Chemist: 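The structure that follows is given in the form of structure tokens.
Only this structure's heavy atoms are used, side chains among them; waters, hydrogens and symmetry mates stay out. What you see is a predicted model, and the numbers here were worked out from it, not measured in a lab. By convention in this document, chain letters (A, B, ...) are assigned in the order of the sequence lines, proteins followed by strands, and residues within each chain are numbered from 1.
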Number of protein chains: 2
Amino acid sequence: MNNKGYVSPETSERIQNIINDLNYKPLHSARKLATRKTGNIGYIIWESHFSEVEMFYSQIFLGMEYAARESDYYILLTTVKDDFDPKTDLPRFLKYNDVDGVVLAGRVPHSLVEYLDKQRMPFVLVDYGIPGKIYNSVLIDNYNGAFSAVESLIQSGRKRIAFVGGTFSHPSIKERFRGYKEGLESYNLISDGHLKKYTYLEDAETSREIGEKGVSILLTEKLLPDAIFCCNDTTALGALTEIQRKKLKIPQDIAVVGFDDIPTAAFNLPKLSTVRVPKLLLGKEAFKLLNDVIDNPRLPAQTRLISTEFIKRESS
Amino acid sequence: MNNKGYVSPETSERIQNIINDLNYKPLHSARKLATRKTGNIGYIIWESHFSEVEMFYSQIFLGMEYAARESDYYILLTTVKDDFDPKTDLPRFLKYNDVDGVVLAGRVPHSLVEYLDKQRMPFVLVDYGIPGKIYNSVLIDNYNGAFSAVESLIQSGRKRIAFVGGTFSHPSIKERFRGYKEGLESYNLISDGHLKKYTYLEDAETSREIGEKGVSILLTEKLLPDAIFCCNDTTALGALTEIQRKKLKIPQDIAVVGFDDIPTAAFNLPKLSTVRVPKLLLGKEAFKLLNDVIDNPRLPAQTRLISTEFIKRESS
DNA sequence: AAAATATATTAAAACGTTTCGATATAATAT
DNA sequence: ATATTATATCGAAACGTTTTAATATATTTT
């Protein structure tokens, strides 16, 4: 049954038939007791990330769940509070040692990551990294995604491409800015003072509000930007709203491009051009990497980069 | 430790201290093996419901997860395909008997419900019901929610209130329509032919498209409706889009009201008036009811009704 | 022909709890 | 004084697997 030792195909089949006839299912709890594994994997996200409008992290979860179906693992989803303290707020499955490993998605309390590291609990970060630390992680190729988005804008004739974004404490956003900047540079579209004029950065969690505020400030420039690259779709949606409020035409007056390809992007009016992040794949890769780490805990930390795809819709 | 037998407070405390000193945590798998319980609860939704734009069913899950934290249960979330067949597509945790009970949220394959019923697996339906069958369920008070929404529209002077909705095979939508209709009736605002003229029903899963289509058809009437009550927020968002596309003013020309209060509703432009469904509470109640059912499987099936609250924002 | 390898069978210990029964004593009620 | 109830302690069986070792035979390789 467990594919161990010497078993001839004939015997194996004979046994399988008996298993089927009896409808025998091994009892998980007994098996776990004997193997001293839990058979569970934890999935942790910030509470606000899960409660939010977007389904981004839910989709990553779903990708993991799909992958888990081919395995014996169950996935336990939980959220941690914004003011997380490992002493008191540890998820139950960590407190009671009910998982063999953990996936952490998006921005996540550093104290939690350190706790896991200290406990030698296998874990993988998805779409997040902690500056100065190297952990097992699955990341989006933000740099090239942003680069290609900007490139597309340039190829459709845009000259003054602005950037609107949230906090750089999330490395994804920082990388997207870098892709934006170097994209412009490689086409020589970045004059002195460009970034000063056409960049709106706010040190806060990304939101519609940042998009709205960013646009309203950018639109005070003498020479209006003719395109805005936003650090993600949520921000871009806010940007669209504000541009429409100011009675400018999209994409004629200003083109807008987002990042992520959240479901709303395709349903918005106008439909949002964006950089598609394959969220299910992110989840799947995280699951696979975590399995590798669980099987081989002393492997040096590795990072797997997931590439993106530019989706041109109505807003650009 | 398990609060059984005679234990004096003194002894109990003494033991607790030792437990703390040793940082002893009972091993779940051993405990489960001995008790023949799994300690898990399954949460099942349609795949399309989870992948969708809205976080409706994710919020219900979160409500359950919060409630579960006070218990020893873990919740296993999984989705089932649209063309579900119990023979081949049974969720793993059912196939391998790894749950003590199941919560099913939203529209769900009848064959699955029948399977659970036949297996005598404790289960609870949330926001769904199967006509002619009585199962344990936690439902939204759709009737009164719709009634109060319509009432609010009437009180702000609307006379020709239309309804746009999706398939009645989801009882919630049917009930919302009933609340709408009886709301109008009780204010004598429903003339001959009113429903014929001012009702758009499409026998399909609710979507933005239904909202858009519904509005574009309603706007062909000689006497335009001055308000539209949509069967849910998603539909209402579509309706808003189409109304704006037709250059009508919201709420001046037409007021729009949705149902559910999904997060997007508050961020849309204009902000959507809607009937708030306490999604976390739905999840919590489902969890509590399921626990009751697990503890006492032969209790007659009961339904718990969760009431709603009308939220007036910009669109009405 | 001998050695190595592949296949097969069986028994026993171990995993860490719960449950049950036996035994005992102290405190309280009758 | 006796019976009942509350408290405390202990040992053993049971839950259903995995793991290991021991033993054996058949098949293949040297």
Chemist: Hey, can you pull the donor-acceptor pairs under 3.5 Å for the side chains in residues 297-304 of chain A, sequence neighbours left out?
Modeler:
unit_1: A:Q302; atom_1: OE1; unit_2: A:R304; atom_2: NE; d: 3.2
unit_1: A:T303; atom_1: OG1; unit_2: A:S137; atom_2: OG; d: 3.2
unit_1: A:R304; atom_1: NH2; unit_2: A:D292; atom_2: OD2; d: 2.8

Chemist: Taking CD1 from A:I19 and P from D:dT17, how many angstroms apart are they, rounded to a whole number?
Modeler: 11 Å
Chemist: Taking only nitrogen or oxygen atoms into account, show me every contact under 3.5 Å that the protein makes with nucleotides 11-16 of chain D, one pair per line with its distance.
Modeler:
none

Chemist: How would you list, by chain and number, every residue that makes a side-chain contact (heavy atoms from CB on, under 4.5 Å) with B:P171, sequence neighbours excluded?
Modeler: B:Y128
Chemist: Do any side-chain atoms of residues 12-23 of chain A form donor-acceptor pairs under 3.5 angstrom with protein atoms, and if so which ones, sequence neighbours left out?
Modeler:
unit_1: A:N17; atom_1: ND2; unit_2: A:E13; atom_2: O; d: 3.4
unit_1: A:N20; atom_1: ND2; unit_2: A:Q16; atom_2: O; d: 3.4
unit_1: A:N23; atom_1: OD1; unit_2: A:K25; atom_2: NZ; d: 3.0

Chemist: Would you mind reading off the distance between A:K37 atom NZ and D:dT19 atom P, rounded to a whole angstrom?
Modeler: 11 Å
Chemist: Nearest whole angstrom, please: distance from the P of D:dT17 to the NZ of B:K32.
Modeler: 15 Å
Chemist: Could you tell me the separation between the CD atom of B:E10 and the P atom of D:dA8, rounded to a whole number of Å?
Modeler: 7 Å
Chemist: Quick one: A:D72 CG to D:dT18 C1', roughly how many Å, whole number?
Modeler: 14 Å
Chemist: Could you list the residues that satisfy salt bridge (charged side-chain N to carboxylate O under 4.0 Å, His left out) with A:D89, not counting sequence neighbours?
Modeler: A:K81
Chemist: Parallel, tilted or perpendicular: which describes the rings of B:H28 and B:Y74, with under 30° parallel and over 60° perpendicular?
Modeler: tilted
Chemist: Mind checking what makes side-chain hydrogen bond (donor to acceptor under 3.5 Å, both in side chains) contact with A:Y66, not counting sequence neighbours?
Modeler: B:E47
